[in-house]
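All chains are named by letter (A, B, ...) in the order of the sequence lines, taking the proteins before the strands, and each is independently numbered beginning at 1.
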Amino acid sequence: MRAVYLDHYAASPLPEEVQESMLPFLAGSFGNPSSLHRWGDDAKTAVEESREKVAALIGANPEEIIFTSNGTEANNLAIKGMIAGSRRKGKHIVISGIEHFSVMNPAKSLEKQGYDLVTVPADEYGVVDLDELAAALDDETALLSIMTANGEIGTIQPIREIAAIAMEKGVPFHTDAIAAAGHIPIDIAALGVQAMSIASDGMYGPKGAGALWIKKGIRLIPLLDGGVQEGGRRGGTENVAAIVGMGTAAQLARERMGERSEYLRGLRDALIVGLPDRLEHINLTGHLKQRLPWNASFVVEFIEGEGMLLFLDAQGVAVSSGSACTSRALKGSHVLAACGIPPERAQGSILFSFGPENNMEDVEYVLDVFPPIVERLRQMSPLYAKFMKERG
Amino acid sequence: MRAVYLDHYAASPLPEEVQESMLPFLAGSFGNPSSLHRWGDDAKTAVEESREKVAALIGANPEEIIFTSNGTEANNLAIKGMIAGSRRKGKHIVISGIEHFSVMNPAKSLEKQGYDLVTVPADEYGVVDLDELAAALDDETALLSIMTANGEIGTIQPIREIAAIAMEKGVPFHTDAIAAAGHIPIDIAALGVQAMSIASDGMYGPKGAGALWIKKGIRLIPLLDGGVQEGGRRGGTENVAAIVGMGTAAQLARERMGERSEYLRGLRDALIVGLPDRLEHINLTGHLKQRLPWNASFVVEFIEGEGMLLFLDAQGVAVSSGSACTSRALKGSHVLAACGIPPERAQGSILFSFGPENNMEDVEYVLDVFPPIVERLRQMSPLYAKFMKERG
Amino acid sequence: MAIYSDTVMEHFTNPRNVGEIENADGVGEVGNPVCGDMMTFYIKVDDGRLSDVKFKTFGCGAAIAVSSMVSEMAKGKTIEEALKISRNDVAEELGGLPTQKMHCSNLGADALHKAIEDYLSKKGQS
Amino acid sequence: MAIYSDTVMEHFTNPRNVGEIENADGVGEVGNPVCGDMMTFYIKVDDGRLSDVKFKTFGCGAAIAVSSMVSEMAKGKTIEEALKISRNDVAEELGGLPTQKMHCSNLGADALHKAIEDYLSKKGQS
Ligand SMILES: Cc1ncc(COP(=O)(O)O)c(C=O)c1O
Ligand SMILES: Cc1ncc(COP(=O)(O)O)c(C=O)c1O
C-alpha cells in the first residue's frame, strides 16, 4: 500500500542534511558548550554557528536569539517573560482568537494572576480584524501577541500593518511565527515587531529546539532560572544536537524557500481545486490567497474528523483534524470557532499539510481514496440522511 | 596525544545502545505522539515505553513522570510549580546552601516575588545540617528542596532522614537527583520524598530530556502552558528522540549500576589516593565515603583553576573547575563556599569526573601530567612564593 | 490506530446494521453533533423480540463501533434482555474503549433503550 | 581554548619573564586572590630605563598572558614610555581578550605602573 504522509503540520521527516549535521553531536562531539576544553569548544562553536543561521533566516542579530526546547517554550517565555519584565503600567494583554494554545494558555494563566486578557476577533478567513485590534490597544496594554500565520487554516496575518498599529500605540508586539518561519520570507526589521517565536520542527528541523528572538533593549524575565546559558535568559544544558539540526534546517529554508514553496503550492492547489470537484459540501477554511504554501484545510459537512482519519490511515494516508473527537482535550478547534464555523461543521475538519517529499501522485491518490471514505461515512450519518430528506 | 575525557559531570559520550535507540526517531519514525495515525502511534508508543523505563529507575508510577527538556526545567517546574500549586498558607521556601543554580535561582526568583527563602548550611564535607534543617521547617514552610547528591563535590545527602523530618513537619519535599540518578540506587517510596528531578545527560543519556517525578495528589502548576502533552502538565511537542534516548539510558543504568559504580569507584579512588601522594597542598572536597562513585574533586592551593584546565587541555585531558575565572558568571563556586572553603582556596578547584569509558591508564596519565602542571603554575604564583618564604 | 482495540477497529471498518428501517416500530436519537457524537437507532419488534436493528451514527471511530456492536448485541434479543444491555457491556464486548471515549462516544446502549421506549410508548398509546 | 587568541595562548603557555628580582628597584602588587587574579611586578631601572621586568601571577590564562605581554612591552622602555602602556594596548597586542576577561584579568599594566610608582617614591625619598 502507498504511504502518503500529509501531516507535516504535526511532524516532518528530516532532510538528509539535517540528520547528517546532528549525528556528530550524538557521537564524538558530545561536549557541553560551557566546558573549557576542546569538547566544550566544539559544542560551543556548533551552537553559535547555528545561532547565526537561525538569526539569518529572520534577519536578526545572533545575540538576540534565545534557544528554547520547542515552540511552546518560546511562546511561554515571550508572553510570561515580557509581561514580567514590562515597565509599562498597564495590565492588559491583547491576543487574537486564533492564537495557538501555547500563546493563548500562557495569556490565560496571566489572566488568573490578575491581568486583563483582551481577545481580538478574526473574520471568516481567519484574518485578524485590524479595526478591533486598533481599538483594543491603549496605554493599558502591556503586550500584544498575534501569530504570523496559523497552521491549522493556513491564514497569513498582515503583520506589518499590525506592527504599525502597535508602534503607533507604543505597545510591544510579539508574533508567533512557528507555522510560518522557513515557509514565507520573514524580515523582522521590515515587519517592525519586537519579539518572534520560531520552532525547529516547524521548518523540517528536529524536535527539541525552538527560539525566541527578542529585540535588544526589551526586558525579559527568564522562565528557566539556572546557569548563565543563553546569556542568562534560559538556563540548562543546551540540546546541542537539536540546536545544530535547527541551524541546518534554517539554512536549508533560506536556500530553498522559493523553490519549496512554489512546489508545495502546486500540490496544495491541486487538492484545493480537486477535492471540491469530486465532493459536494466540502469547504476550504482559511484565506484563499494569504495562505501558507503547505496548507490545504477543509470542513467536510455531515461527518466527523476521526472517522476520516481512521479510514485514511487504513489507506496509508496520514492527516489531522481539528474536530473535538480527534483532540485529546475533546474540544473542537477554537481556531475554526473564531472563524465563525459552527461546532457541528467544525467536527468535519480535515487538514492536509504538505512537505517536500510529497508529489503529485500523492495528491491523485488522495483524490482517489478520500471521496469514497466521505461517501461511506455520510451513508452512516444521520445528519446527512436528514439533509437529503429535507432537500427531497 | 592521549585524549582523556574526565568531565562527565558536564557531558558524557552516549553508549552505543543509546545512540542506536535514538536514530530511528531522527529518520523514519519522525511522527508526533499526538497524531492519530501510524506515525503518531509509533512516536507515542516510544514515549510511553521510555516513561516506563524512567519510572522503573526510581521506582515510580509511569503516570507520575513528566518529561521536560533538561534538568534545569525539571527543577524550575518543581520549585515554581509546586509553590504556585501549594495549598499551604506559609510562604517559606527552604533549600540548602549547596543546591544547583537551577534550584537556587528559581527559589531566588520566588524570593523577589515575596516568598521567604531560608538556606540551610552544610558542613565542611558538604552534608546538610539536619538540626538546622529541622529548625528551619515549620507551618510557614511551603516547600523543602534538598539535592540527593552534589555533582561538584560528590557528597550524597541523607535524603531518607531529611524526608522523615519533612514528613514529621508536614512539609512537601522535592529532591534534585540529577547528579545522583543512575549512579546510586534510588527508590522514591523508601526515601519518602514527594517530587524528584532527574536528567537524561546526567546518566549517559542524550541532552534534551529531563523528568520530574511528582507524587499523585501533589498540586503542580505548569511552567509551559500549551497543548495537553504530558497530561497538560508540560505543553509542547515532545522531543521523541531525546526521550527515547533517556529511556534507554535509564534502562542501562538499572542493569549496569552496580558494575559501573564499582568500576568508577576504583578509578576515582586511585586518583583520590594518587594525587595527594604526588602533590602537596591538595585537598579532597566533599565527603570521603558518602560520595558519588564518579567524583574526584579537589582544591589545589596557591593556583587558580583555569590555568590548570588550559594546561591539561593542552595535554589532552578534559576536566572542570569551580573557580571564579572558569565560570562564565565569574563567580567562585557557592558550593565550595558553603563547605567553608575560603574564596582564594576555592580558586584552585578542580573536578575529575569519571565515566565508563575511562580506564586505569587514564588515571596514570593524569598522575603523570598533572603534578608538573601544578608545579609550573605554582612557580608563577606570588601566593606560593609568599608561602615558601614564610615557611622559610 | 493504536488507541483502539482490534475489535473496535473491526466494527468501525465493517459496521453491521447501518441504515434506517422504514416504518420502524421504535426510533431513538441521542447526542448532538455540537458535542461530536450523535446516534439514531431504529428497531423492528416481532413477538417481543428485536427482529431488526439499524442505526445511523455521526461521530468518532468509537461511536461507530459502539453503534455496530450494540446493534449486533440487541438483534434477536427480547425487549427485556435488550433493555439490560449497558454501556459497560458494550465496552467490554469491544475489548475496551479508551477512557476519554467512555463517556462521549459510548451512547449506543442509550440510543437503543430510547428506541425501545419509543416503541413501548407507541404501543401503550395504540 | 577557543575563548583565547593564539597570541594569548602562546604567552600563557610560554610566559616571558616569570620570576622575582632580588633587590628590585620597584615592586607593584595588584589584585587579590579572593577575586581570582593577583599580580606582582618587579622592575630594575638603569638610566631611566626598565632594564629588567619580572612578574609572578596568580590567576586565569588571560591574567598570565597579560603579565607576560606587559613584561615584554615594558622591558627596555623609558619610565615615561612604560607609564603610557595602557590596558587597551596590552589587550590589542594580545590579539584581543574575551570581554568578560577585560576587567578582572587585565591588571598587568596597573601592576607595572604601581611598580614604577614604588620606584619613583623610593627615589624621591632617598
Ligand atoms: C544537581 C544538578 N542539578 C541540576 C543540574 C542542571 O541540569 P541541566 O544542565 O541538564 O539543566 C545539574 C547539572 O549538572 C546538576 O548537577
Ligand atoms: C503557530 C504555532 N505556535 C506554536 C506551536 C507549538 O509548537 P511546539 O509544539 O513545537 O511547542 C505550533 C505547533 O505546531 C504552532 O503551529
Return the option, out of A:G232, A:S29, A:P106, with the maximum number of heavy-atom pairs under 4.5 Å with chain B.
A:P106
Evaluate the criterion side chain to side chain contact (heavy atoms under 4.5 Å, CB included) for residue pair A:M22 and A:V240; output intermediate values, then yes/no.
CA-CA 8 Å; A:M22 295 173 70; A:V240 181; over 6 Å; no
Would B:Y204 and B:L14 count as a side chain to side chain contact (heavy atoms under 4.5 Å, CB included) if you check the C-alpha gap in whole Å, the side-chain angles of each, and the deciding distance to 0.1 Å?
CA-CA 6 Å; B:Y204 316 125; B:L14 304 186; 5.8 Å; no
Just checking A:F370 against A:F352, ring centres under 6.0 Å apart?
yes
Heavy-atom pairs under 4.5 Å with chain A: which of B:S320, B:G235, B:G245, B:G28 has the most?
B:G235
Check each atom of A:Q19 against the heavy atoms of chain B and say whether the ones under 4.5 Å are side chain, backbone, both or neither.
side chain
Please tell me whether B:H37 and A:D7 have a donor and an acceptor in their side chains that are separated by less than 3.5 angstrom.
yes
Leading residue by heavy atom contact count with chain B [cutoff under 4.5 Å; candidates A:A3, A:A11, A:A242, A:P206]
A:A11
Non-hydrogen atoms of chain B under 4.5 Å away: do they reach the side chain of A:S12, the backbone, both or neither?
backbone
Can we say A:R38 and B:D313 salt-bridge, meaning some charged N sits less than 4.0 Å from an Asp/Glu carboxylate O?
yes
Establish, from distance only, whether the side-chain atoms of B:T237 and A:N70 form a donor-acceptor pair under 3.5 Å.
no
Under a 4.5 Å heavy-atom cutoff, which of B:S321, B:G40, B:A27 has the most pairs with chain A?
B:A27
Side chain, backbone, both or neither of A:E16 within contact of chain B (heavy atoms, under 4.5 Å):
neither
Would you compute the distance between atom OG of A:S333 and atom CD of A:Q347 and round it to the nearest 0.5 angstrom?
10.5 Å
Region of A:I243 in contact with chain B, defined by heavy-atom distances below 4.5 Å:
neither
Side chains of A:E306 and A:T326 only: does a donor on one sit below 3.5 Å from an acceptor on the other?
no
Given heavy-atom pairs under 4.5 angstrom as the criterion, report whether the side chain, backbone, both or neither of A:K80 touches chain B.
side chain
After noting the C-alpha distance and the side-chain angles of B:H334 and B:E152, does the key distance pass the side-chain hydrogen bond (donor to acceptor under 3.5 Å, both in side chains) rule?
CA-CA 10 Å; B:H334 67 276; B:E152 251 182 274; 5.5 Å; no
For chain A, find which of B:L223, B:V103, B:D225, B:T72 contributes the most heavy-atom pairs closer than 4.5 angstrom.
B:D225
Would you mind checking which part of A:A10 comes under 4.5 Å of any heavy atom in chain B, side chain (CB onward), backbone (N, CA, C, O), both or neither?
both
B:V319, B:N105, B:I221: which one forms the most heavy-atom pairs within less than 4.5 Å of chain A?
B:N105
Please confirm whether the backbone N or O of B:G355 pairs with a side-chain atom of B:N358, one donor and one acceptor, at under 3.5 Å?
yes
Under 4.5 Å to a heavy atom of chain B? For A:M104 that would be neither
Cut-off 3.5 Å, side chains only: do B:S353 and B:H8 have a donor facing an acceptor?
no
Looking at B:F30, B:F101, B:Y5, B:F25, which makes the most heavy-atom pairs under 4.5 Å with chain A?
B:F30
Identify which part of A:A209 has an atom lying under 4.5 Å from any heavy atom of chain B, answering side chain, backbone, both or neither.
neither
Most heavy-atom pairs under 4.5 angstrom with chain B, which of A:S34, A:S109, A:G226?
A:G226
Looking at A:T68, A:V228, A:L26, which one has more heavy-atom pairs under 4.5 Å with chain B than the rest?
A:L26
